[in-house]
Amino acid sequence: MRQIDPDLIARLMDRERRHFLQAHPRSAERFAQARGSLLGGVPMNWMVRWPGPFPLFVEAAGGAHFTDIDGHEYVDFCLGDTGAMTGHAPLPAVQAIARQAARGITLMLPTEDAVWVGEELARRFGLPQWQFTLSATDANRFAIRLCRHITGRPKILVYNGCYHGTVDETIVALDAGRVVPRRGSIGPPVDPASTTRVVEWNDLPALQAALSHGDVACVLAEPVMTNIGIIPPEPGYHEELRRLTRETGTLLIIDETHTICAGPGGYTRAHGLQPDMLTIGKPLGSGVPSGAYGCTHKVAERIQASTTIQEADVGGIGGTLAGNALSLALMKVTLAEVLTEEAFARMIPLGERLEQGVRTVFRAHEVPWHVERLGCRVEYRFQPHPPRNATEAEASEQPALDALVHLYCLNRGILLTPFHNMTLISPATTEADVDRHTEVLGEMVQELLG
Ligand SMILES: Cc1ncc(COP(=O)(O)O)c(C=O)c1O
């Protein structure tokens, strides 16, 4: 196995930082100005998570590309961390925004689009009853509340290393078997051990033990972990998860917000999962705030039997702008014309091409690094073995190399997702975009190995 010299990584990083500073004077200026009015100089706190000294300010985005205010063009493999998996500004969505905005944006009354979207989500995911939110976070929040309500149980169960949005019960971690606030958790309202059980992904005995207490209302799970890098379930895991949840009267919520990359009906349809509830958001409205949660007839009956019309507005689910006419028009057009079966039939082979490109680079340079793909989402780790869970993933992280690949790519017109080495394909991404990434990655590995 070939070794990478840490001093070389540091020298390359210095060079790339200098290049970044020289190439982006206008973004630097705007960032300095922004610090005067925006907390941390950014409109949303995650936007500080870039490898350069400041984030790029964007001039415009279209399809799989965007330009910054210094006039550089980029291939966007971050795609708004999946919010723009549709590609930026897809024409049907732009037209639908104009059309619906002129006909009313929000009313506290349904439009006919809601019925179409409910039926289409039912067709895609196999769950018959739906409600809408403005984000995947809210979809998860409301699904959890409903599960607690109908089961009368106080806790939920999530996986170590998960991310399901800014949902209090899920900002947790396992520390030597204890449930603690996740590192960086801001103002946890209560001790998360009182709301949440946490187990490692792919650890069935731990799952069985956690559910055996009989106090868990629901398991909230991505069907493949994506937020600590892609970690697939081991063979048979989902069957056992479903068996154990049923056996213990625990509901199962599958969060498809990222794993929609696996196909038009997400991982759930591709693998025949049978959740009690399913949540989704991010690209559902082509970037216009949209989210949804679905449930089985059985869950729907339990909800209807235990909630009243008189208290529908104060029970802690829903929201004034949720289910608004604009979001629904955008969900309809996104499902009907953008994230279609045909789009996935193009996107997934491009994901395979990207995966193959990365693998070829690693093999050609005899580095034992690892690439993983889920549909049109591809991710690589500078680690020899695919991790089984979050603890293994964190233990073998290579932060210096991760930072370098992000900045190296950015300086050559390629945007990766900041939180890990993730590349996502949109319907507008081309073979040339994919091959450019392979080429740049190859150049970086060549420089590292001499
Ligand atoms: C799996 C998953 N669920 C839910 C969310 C929350 O999405 P949002 O921040 O759009 O509410 C995220 C965000 O990254 C996610 O990765």
Side-chain angles (χ1 to χ4, degrees), residues 9-10 12-14 16-17 19-21 23-24 27-28 30-35 37-58 61 66 68-70 72 74-85 88 135-137 161-167 170-173 181-187 222 225-231 257-258 261 281-283 287 377-383 390 393-394 396-424 437 440-441 444:
I9 300 175
L12 290 178
M13 195 65 188
D14 271 357
E16 294 300 318
R17 265 204 209 96
H19 179 89
F20 180 88
L21 282 171
H24 301 103
S27 277
R30 276 290 168 271
F31 184 63
Q33 183 188 356
R35 295 181 85 104
S37 63
L38 304 178
L39 193 60
V42 285
M44 196 275 280
N45 53 313
W46 301 5
M47 293 186 194
V48 297
R49 284 289 310 269
W50 293 100
F54 48 82
L56 298 177
F57 281 68
V58 173
F66 74 95
D68 69 18
I69 60 171
D70 286 287
H72 306 291
Y74 300 84
V75 185
D76 189 355
F77 286 107
C78 167
L79 295 169
D81 192 19
T82 311
M85 191 179 123
H88 296 289
S135 66
T137 295
C162 72
Y163 187 76
H164 295 284
T166 54
V167 180
T170 65
I171 316 292
V172 293
R182 189 174 183 151
R183 201 174 60 240
S185 172
I186 296 166
E222 284 194 281
M225 290 194 90
T226 67
N227 281 301
I228 184 85
I230 297 172
I231 311 183
T257 304
H258 277 178
C261 61
K282 293 206 183 183
R377 175 184 298 261
V378 181
E379 197 159 72
Y380 42 94
R381 299 173 191 270
F382 301 113
Q383 307 168 3
E394 278 167 0
S396 53
E397 269 172 9
Q398 300 276 356
L401 270 179
D402 288 343
L404 178 64
V405 75
H406 279 81
L407 197 54
Y408 197 100
C409 283
L410 197 66
N411 283 339
R412 288 155 187 80
I414 289 170
L415 189 77
L416 304 177
T417 305
F419 321 113
H420 16 95
N421 308 330
M422 194 277 277
T423 51
L424 189 65
H437 169 270
V440 168
L441 182 69
M444 187 194 85

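Heavy atoms only: backbone and side chains are in, while hydrogens, waters and symmetry mates are out.
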Going from [atom1] on [X] to [atom2] on [Y], what distance comes out if it is rounded to the nearest 0.5 angstrom?
X	Y	atom1	atom2	result
Asp68	Arg30	CG	CZ	13.0 Å
Met444	Cys409	CE	SG	7.0 Å
Leu407	His19	CG	NE2	9.0 Å
Leu21	Arg17	CG	CZ	9.0 Å
Asp76	Ile414	CG	CD1	11.0 Å
Leu416	His406	CG	NE2	4.5 Å

- Check against side chain to side chain contact (heavy atoms under 4.5 Å, CB included), Asn421 and Val405: CA-CA 8 Å; Asn421 308 330; Val405 75; 3.7 Å; yes

- Any residue meeting salt bridge (Lys or Arg N to Asp or Glu O under 4.0 Å) with Asp402, in chain and number order, not counting sequence neighbours: none

- Query: Under the salt bridge (Lys or Arg N to Asp or Glu O under 4.0 Å) test, which residues partner Arg35, sequence neighbours left out?
  - Reply: none

What I'd like to find out is whether the side chain of [X] reaches to under 4.5 Å of the side chain of [Y], using heavy atoms alone.
X	Y	answer
Cys78	Phe419	no
Lys282	Asp81	yes
Gln398	Arg381	no
Asn45	Leu39	no
Phe57	Asp70	no

- For this output row, return yes or no: ring centroids of Phe20 and Phe54 closer than 6.0 angstrom. yes

- Query: What about the rings of Phe66 and His88, do their centers lie closer together than 6.0 Å?
  - Reply: no

- Hits for side-chain hydrogen bond (donor to acceptor under 3.5 Å, both in side chains) against Arg412, two or more places apart or cross-chain, chain-then-number order -> Glu16

Shortest non-hydrogen separation from [X] to [Y] and the atoms involved:
X	Y	result
Pro43	Leu38	N-CD1, 3.9 Å
Ile228	Glu394	CD1-OE2, 3.6 Å
Thr137	Gly165	OG1-CA, 3.3 Å
Thr257	Ala136	OG1-CB, 3.4 Å
Leu410	Tyr74	O-CE2, 3.3 Å
Cys261	Leu424	CB-CD1, 4.3 Å

May I ask you to decide if [Y]'s main-chain N or O and [X]'s side chain share a donor-acceptor pair within less than 3.5 Å?
X	Y	result
Arg182	Cys162	yes
Ser27	His24	no
Ser396	Gln383	no

- Task: Check whether the side chains of Thr82 and Arg377 place a donor and an acceptor atom closer than 3.5 Å, and report yes or no.
- Result: yes

- Message: Angle between ring planes, Tyr380 versus Phe382, binned at 30° and 60°: parallel, tilted or perpendicular?
- Response: perpendicular

